Amino acid sequence: MNESESQNKPNIPEVFLNPYNPADYEQKLYKMWEDSGFFNPDVCIKKGVTSPEAETFSIVLPPPNVTGTLHMGHAAMLAIEDILIRYHRMQGKRTLWIPGTDSAALATQSKVEGIIFKEEKKRRDEIGREELLKRITAFAEESKDTILNQTRKMGSSLDWSRYAYTLDDTRYKAVMTAFVNMYKDDLIYRGDRIINWDPNMQTTVSDDEIEYVEKTDPFYYFKYGPFTIGTVRPETKFGDKYVVMHPDDVRYKEYKHGQTIEVEWINGPITATIIKDEAADPEIGTGVMTITPWHSTVDYEIAERHGLDKEQVIDERGLLLPIAGEFAGQHIKKVRAAILEKMQSKNLIERVDEKYIHNIATNSRGGGTIEPQIKRQWFVAVNKKFILKHSEIPGVPSGSEVTLKELMVAAVEHGGTDIFPERFKRVYFNWINNLRDWCISRQIWFGHRIPVWYKGDEIYCGVEAPTGEGWLQDHDTLDTWFSSGLWTFSTLGWPEKTEDLKTYHPTTVLETGYDIIFFWVARMILMSTYHLGQVPFKNVYMHGLIRDEKGKKMSKSLGNVIDPLTMIDKYGTDATRLSLIIGAAPGNDMPLSENKVKGYKNFGNKIWNISRFILTHTADLDTKNFVSKSIRDEEIIAQLKSTVADVSSEIEKFNLYLAGEKAYHYVWSELADVILEESKLILNGTNLEEKNSRQIVLLECLTTSLKLLHPFMPFVTEAIWQELPVEMKDSDMLMVAKWPNA
RNA sequence: GACCGAUUAGCUCAGCUGGUAGAGCGCUACAUUGACAUUGUAGAGGCCACAAGUUCAAGUCUUGUAUCGGUCACCA
């Protein structure tokens, strides 16, 4: 701006002379917001921004791992939730967004154990429970600030005064109480059942934490008496003394169920029993198999059906037991060749398919190959009837006799919890139908220890340790999803009957990636319906996965990771947020490229310059001269209002991608390209009334546009808002300004 | 094997309850130092995967086929 211009337009803040630079504002503004206390709804009420009678709107943030760093998935989650939160806060609702972090027991412990082993060459047994826990806790504590500060960088308007950690005192009490209640209702039991054992991490793993990885291995055909059986794992076969075939398989019609035959096997002759069971698929291999009930889920189920013996062949560390004879004590990974050699010499090998493709189960949290074992563990019974005393769940009257499974179905079936996009409802129901009892005990040390104590034959279960001498607490800890399942209400202070719990539960929305629907969404529904008789949330909004521009999963090994923090440094938070929202239809994966982020940085500057233009050309406005608007001015206002209506309704339908696009489109293509352009003539013209009217219209367009964009681009809009003359604003801070009326 | 999704402009995708196709990016041409480390204007570009059906009318509804992707289950 040259000198003569600045004389004409005296009141324009100097900041507008330069392009908008996000880095100059973002930290400052976030601090201003945080210091204002308005992230906390109680402060909003106290300062008169929100009415105490206002409708509530609450979201609990899916807690990131304490030891994690921000990735694009987090960034998208934070952007989406912050948009919803900011929109509803501006709507005047009593709005709460609760932050937290998750201990991610298994992942964190294995990370720390890994570090210790690398640096000190020590395993956990050598470190000891107490010392290891101390170190893990320190590690978690140390790394938590990283993820929390990165969360702030996204502009997230979280109520930090309500920060929760899955292992803090309040949550500890919630977890203990939950366990004890379920134990007393017989919904938690201890039993010997087949579970997924991770020999690397020395712990059980739930069904959902298993990841199947495709592998090519040789497939061996062995002579087993008159039969040929196939296997990829010769090292498990020592004790196999049942031979199973389909009852209708005509090839084996001469053999009767229960009939015994003598066969020569790896370590000498054994007596085999014929079992007819439909689990044997005549199409696979020879249609005949031997079973190893201790180390295979399917075999275990067959054995259960027919009351067969189960023998352990492999121990917890992967070593063969005495049943393996001369091979006992050797590790299963190393012993195969020797076994095959012996079988070859006994002429038991018929043939080998070298390339057999099959899936092996691995622990998705740590990577070990799963070895099923029968072990005494704690389980949640999902099919056991109980009386639900208090219920607000649609379709389930108080006092109903139900199972946990039925509760989980009812919550969604009768609309208590609505899942969006709709297709995920079916995914959810499918999973529940196949649900088996949930193994909740883990043999790791980091986590909530099971509140059960033993003394001889006595068992005690309680929130507090029993009094008296000689009680020993169960060594196991709880599956991390057990405590995560309580999250919507443990964060609100349960089991105490807090004001927060009464006010904000059920929460309004749960927003999360669809990859976590089983682990978490379903478990929260289970826990909340059981413990509170309430659904945990009224709406579930599933976002897709963020992928690279070619649609590939982002991964370090592919080198295609776009780091949100880098994007924020280069283009600003607003641009990063917008790039994660626009073009991302709910539940659909979305490709992201750096160019997209860059594009939205230009938009930030566009708004900046729109503001500069309008402020420059309205500095001489004297509102006393107000005259009625022209037809065109009315039209502009009408169009503005219809944009407000559109944007609002799209946000309320969770179509943020449409809301964002409409706001973007309005501001750039309509306000800037059409309205400002045509206004130039009027503003520089001689018709003062016309000019005056248009100035007022432009100011309204500006303030309203800033409000519309604020949820999407909180920083640049607030930065501009702070420069606006007081008389133009209904609030000092845009964050708590009133959402415009349509 | 079961279920789910996708198939629309060069690319990424919108098109809700059926009425002869839209956005962003990219591309081409022109203009512009302007409120704008640019922006604006104009333009090219689509038998909406294929086939049949319902209908006065179908990207839009039904059925089937093909290809791609995902989830779950099984895998002796």
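Given the structure is predicted, the values throughout are model-derived calculations rather than measurements. Hydrogens, waters and symmetry mates are skipped; everything else that's a heavy atom, side chains included, is used. Protein chains get the first letters and strands the later ones, always in sequence-line order, with residue 1 at the start of each.
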Roughly how far apart, to the nearest Å, are B/C61 and B/C4 at atom P? 15 Å

Inter-nucleotide P distance (B/U62, B/G1), Å rounded: 24 Å

Within the 6.0 Å centroid threshold, strictly below: A/Phe227 and A/Tyr255: yes

Rounded interatomic separation in angstrom, taking CD1 from A/Ile370 and P from B/C74: 14 Å

Hey, are A/Asp24 and A/Asn21 close enough side-chain-wise for a donor-acceptor pair under 3.5 Å? yes

Taking only residues two or more places apart in sequence or in another chain, which ones pass ring-ring contact (aromatic ring centres under 6.0 Å, His included) with A/Tyr242? none

A/Lys276 and A/Asp248 ion-paired at < 4.0 Å: no

Would you mind reading off the distance between A/Glu211 atom CD and B/A73 atom P, rounded to a whole angstrom? 12 Å

Whole-Å distance separating the CD atom of A/Glu278 from the P atom of B/C74: 17 Å

State whether the number of non-hydrogen atoms from other residues, nucleotides or ligands found under 6.0 Å of A/Lys598 atom NZ is greater than 12. no

Check for me whether the distance between the ring centres of A/Phe715 and A/Tyr25 falls short of 6.0 Å. no

If you measure from the P atom in B/A2 to the same atom in B/U65, how many Å do you get, rounded? 12 Å

What's the gap between B/A52 and B/G70 when it is taken at their P atoms, as a whole Å value? 32 Å

What integer number of Å spans the P atoms of B/U55 and B/G46? 33 Å

Centroid separation A/Tyr224 to A/Trp265 less than 6.0 Å: yes

Centres of the A/Phe603 and A/Trp608 rings: under 6.0 Å? no

Measure CZ/A/Phe603 against P/B/C25 and give the value in whole Å, please. 12 Å

Donor on one side chain, acceptor on other, A/Asp277 and A/His306, under 3.5 Å: yes

Taking the C1' atom of each, how far is B/G53 from B/A14, in whole Å? 28 Å

A/Tyr220 OH to B/C75 P, in whole Å, measures 20 Å

Pairs under 3.5 angstrom, nitrogen or oxygen only, protein versus nucleotides 36-46 of chain B, please.
| unit_1 | atom_1 | unit_2 | atom_2 | d |
| --- | --- | --- | --- | --- |
| B/C36 | O4' | A/Asn609 | OD1 | 3.3 |
| B/C36 | O4' | A/Asn609 | ND2 | 2.9 |
| B/C36 | O2 | A/Lys606 | NZ | 3.0 |
| B/C36 | N3 | A/Lys606 | NZ | 3.1 |
| B/A37 | OP1 | A/Asn605 | ND2 | 2.4 |
| B/U39 | O3' | A/Lys606 | NZ | 3.3 |
| B/G40 | OP1 | A/Trp668 | NE1 | 2.3 |
| B/G40 | OP1 | A/Asp673 | OD1 | 3.0 |
| B/G40 | OP1 | A/Asp673 | OD2 | 3.4 |

Roughly how far apart, to the nearest Å, are B/U67 and B/A51 at atom C1'? 15 Å

Between A/Met289 and A/Asp207, whichever has its closest RNA chain B nucleotide further toward 5' is A/Asp207

Any protein N or O atoms within reach of nucleotides 2-4 of chain B? Criterion: under 3.5 Å, listing atom names and distances.
| unit_1 | atom_1 | unit_2 | atom_2 | d |
| --- | --- | --- | --- | --- |
| B/C3 | O2' | A/Asn430 | ND2 | 3.3 |
| B/C4 | OP1 | A/Arg426 | NH1 | 2.4 |

Can you tell me how far C1' of B/A35 sits from CZ of A/Arg694, to the nearest Å? 16 Å

Separation of the C1' atoms in B/U7 and B/U12, to the nearest angstrom: 14 Å

Tell me if B/G5 is syn or anti. Syn = glycosidic torsion within 90° of 0, anti otherwise. anti

So A/Phe219, base contact, sugar-phosphate only, or nothing? Heavy-atom distance under 4.0 Å. sugar-phosphate

Check ion pair A/Glu350-A/Lys223 (N to O, under 4.0 angstrom): no

Answer yes if the ring centres of A/Phe219 and A/Tyr221 are under 6.0 angstrom apart, and no otherwise. yes

If only side-chain N and O atoms of A/Tyr657 are considered, is one of them under 4.0 Å from the OP1 or OP2 phosphate oxygen of B/G15? yes

A/Leu578 CG to B/C25 P, straight-line distance once rounded to whole Å: 12 Å

Find the distance A/Tyr514:OH to B/A6:P and express it as a whole number of Å. 13 Å

Once Watson-Crick and G-U wobble pairs under 3.5 Å are found, how is RNA chain B written in dot-bracket notation, 5' to 3', with | for any base paired to another strand? (((((((..((((........)))).(((((.......))))).....(((((.......))))))))))))....

Need one value for A/Val244: base, sugar-phosphate or nothing, where a base atom within 4.0 Å counts as base even if backbone is also close, heavy atoms only. nothing

Does A/Glu371 have any salt bridge (charged side-chain N to carboxylate O under 4.0 Å, His left out) partners at least two apart in sequence or in another chain, and if so, which? A/Arg233

Mind checking salt bridge (charged side-chain N to carboxylate O under 4.0 Å, His left out) for A/Lys310 and listing every partner two or more places apart, or none if nothing turns up? A/Glu304

Heavy atoms under 4.0 Å, any strand shown: does A/Leu658 hit a base, just sugar-phosphate, or nothing? sugar-phosphate

